[in-house]
Amino acid sequence: MPPPGERSNFLPTSVTKNQHQPSALDASILGSESDMPSQFIWPHHERPCLEAPQLACKKHGVFMVVNHGVDPGLVDRAHRCMDFFSMQLCEKQKAKRKIGENSGYSSGFVGSPNIVEQYFVSVMGQDFRHFGKVYQEYCEAMNKLSMEVMELLGLSLVLGRAYLRDFFQGNDSILRLNHYPPCPKPDLALGTGPHADPTALTILDQDQVGGLQVFADHQWNSLTPIPGAFVALCYKSCLHRPVVNNERARRSIAYFVCTKMNKTVTPATALVNVENPRIYPDFKWATFLEFTQKHYKVNMKTLEAFSNWLQK
Ligand SMILES: O=C(O)CCC(=O)C(=O)O
Ligand SMILES: [Fe+2]
């Protein structure tokens, strides 16, 4: 683990859905096709800005998503429902995650219709249907947004708009609600500790308390919350850690985009060549998830460790 260095404020690149700017892709692909029929040319004002995700992913693996169209009222309701954490422990323990299982008190799976709502009702009872409905709706909004981000990432990798969106269609993504109570000795505690998410893309909404730090340019940098903006962590997502403080509780909602459980994860053939040979063997997402839940605590070397484990 890299040693914690100086902390500074870090402003990641922003990406907006409707930024009215020419992009690298516009210039290199559309510009060279002089005889392209007009219906295939992306109207200038609708072209996405690709520099931001390209730069962010190559450099530090984190960018902000603004102008995303997610209802701020829904994000607000999702945060208010986290008052769940103020309930008696015995109440919360009704949803306790069991060893070897992936859903429970602190994480839940999204996939089939109403699975989140049903989950809340089945483990907590009918009184919690409202929570379930809010998080169901939140997951659906995150799923829509994450597929739009996947389109941008696909374009930025010159794979085309559909490639990654199709790859993650019908995904078995995960929602995690994080609650960090105030800590009398914040210097001795570290939220969940430094880690890199093992999933393809994380869309995180942190409240305005602040505490998320990312490791970039050889130091820990605080990611100051921007109202209405989501933090996106992508590809081999950067090392990050939530830190706690001694005054205010802090909350965040993380949506981890995963493929379908039984999907074979394999590199896009268009990206593999002699200069860029493949590094990891094919695997099923379910096997990787099992590895991270039962055999290995995620860190920066998770994929290498998984790859070795698979080939044993
Ligand atoms: O709470 C945060 O800001 C980050 C949470 C996080 O990194 C995670 O849940 O994986
Ligand atoms: Fe994380």
Side-chain angles (χ1 to χ4, degrees), residues 1-2 4 7 9-12 56-57 60-65 75 78-85 95 97 102-110 116 135 138-139 142 145-146 149 171-183 186 189-216 220-258 285 288-289 291-293 296-303 306:
M1 186 193 316
R7 291 176 194 176
N9 269 327
F10 181 70
L11 205 56
C57 295
H60 36 60
V62 55
F63 59 89
M64 306 295 283
V65 187
V75 179
H79 273 274
R80 271 191 276 127
C81 283
M82 285 169 78
D83 287 345
F84 167 87
F85 286 107
R97 176 174 152 186
N102 301 311
S103 48
Y105 182 30
S106 96
S107 73
F109 273 80
V110 198
V116 180
Y135 291 117
Y138 188 87
C139 288
M142 285 303 109
L145 175 62
S146 59
V149 173
N171 54 80
D172 281 315
S173 293
I174 301 168
L175 183 75
R176 181 189 290 159
L177 311 175
N178 293 306
H179 173 80
Y180 311 92
C183 174
L190 267 182
T192 53
H195 66 280
D197 300 336
T199 44
L201 170 72
T202 304
I203 298 190
L204 184 92
D205 188 66
Q206 57 167 337
D207 65 14
Q208 297 303 303
V209 173
L212 177 60
Q213 297 184 339
V214 296
F215 195 80
W220 285 107
N221 305 271
S222 292
L223 252 180
T224 311
I226 299 176
F230 292 107
V231 178
L233 299 154
C234 58
Y235 296 167
K236 280 177 124 178
S237 92
C238 63
L239 190 66
H240 56 282
R241 64 181 188 188
V243 294
V244 290
N245 69 82
N246 57 8
E247 285 170 13
R248 296 168 70 190
R250 173 175 179 268
R251 288 170 181 179
S252 70
I253 307 180
Y255 183 79
F256 303 97
V257 183
C258 318
W285 166 242
F288 187 48
L289 186 64
F291 178 71
T292 59
Q293 301 300 309
Y296 195 83
K297 181 164 174 8
V298 292
N299 59 21
M300 289 300 278
K301 301 244 182 280
T302 311
L303 267 179
F306 176 61

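When a ligand or atom number is given, it counts from 1 through the structure's own listing order. All values reported here derive from a predicted model rather than from experimental measurement.
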Taking the minimum heavy-atom distance to atom 3 (O) of ligand 1, which of Gln213, Arg250, His179, Arg176 ranks first?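 Selected option, by shortest heavy-atom distance: Arg250.
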Could you check whether any heavy atom of His195 sits closer than 4.0 Å to an atom of ligand 1, since that is the contact criterion I want to use?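 It does, in that a heavy atom of His195 comes within the 4.0 Å cut-off of ligand 1.
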Contact between Gln206 and ligand 1, counting heavy atoms under 4.0 Å? no
Specify whether Phe291 and Phe306 have parallel, tilted or perpendicular ring planes, treating 30° as the upper limit for parallel and 60° as the lower limit for perpendicular. tilted
Distance under 4.0 Å to a non-hydrogen atom of [X]: what atoms of ligand 1 satisfy this?
X	result
Tyr180	1 (O), 2 (C), 4 (C), 5 (C)
His240	7 (O)
Phe256	8 (C), 9 (O), 10 (O)

Check ring-ring contact (aromatic ring centres under 6.0 Å, His included) between Phe230 and all other residues, then give those that pass, not counting sequence neighbours.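 Scan of Phe230 (ring-ring contact (aromatic ring centres under 6.0 Å, His included), adjacent residues dropped) gives His68.
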Partners meeting ring-ring contact (aromatic ring centres under 6.0 Å, His included) with Tyr135 (sequence neighbours left out): Phe120
Which atom, among the N/O/S set of Asp197, is closest to the Fe ion (ligand 2)? OD1
Taking 4.0 Å as the limit for heavy-atom contacts, which would you say applies to Asp197 with ligand 1: side chain only, backbone only, both, or neither? side chain
At under 4.0 Å between heavy atoms, is it the side chain or the backbone of Arg241 that contacts ligand 1, or both, or neither? neither
Report yes or no: do Thr199 and Asp197 form a side-chain donor-acceptor pair below 3.5 Å? no
The Fe ion (ligand 2): angle it makes with NE2 (His195) and NE2 (His240), nearest 10 degrees: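 With the Fe ion (ligand 2) as the vertex, NE2 (His195) and NE2 (His240) sit 90° apart.
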Looking at Ser252 and Gln206, what are the two nearest heavy atoms and their distance? CB-CA, 4.0 Å
Atom pair CG/SG of Leu177 and Cys81 - distance to nearest 0.5 Å: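 Going from CG on Leu177 over to SG on Cys81, the span is 9.5 Å.
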Distance (rounded to the nearest 0.5 Å) between Ile253 CD1 and Asp207 CG: 9.0 Å
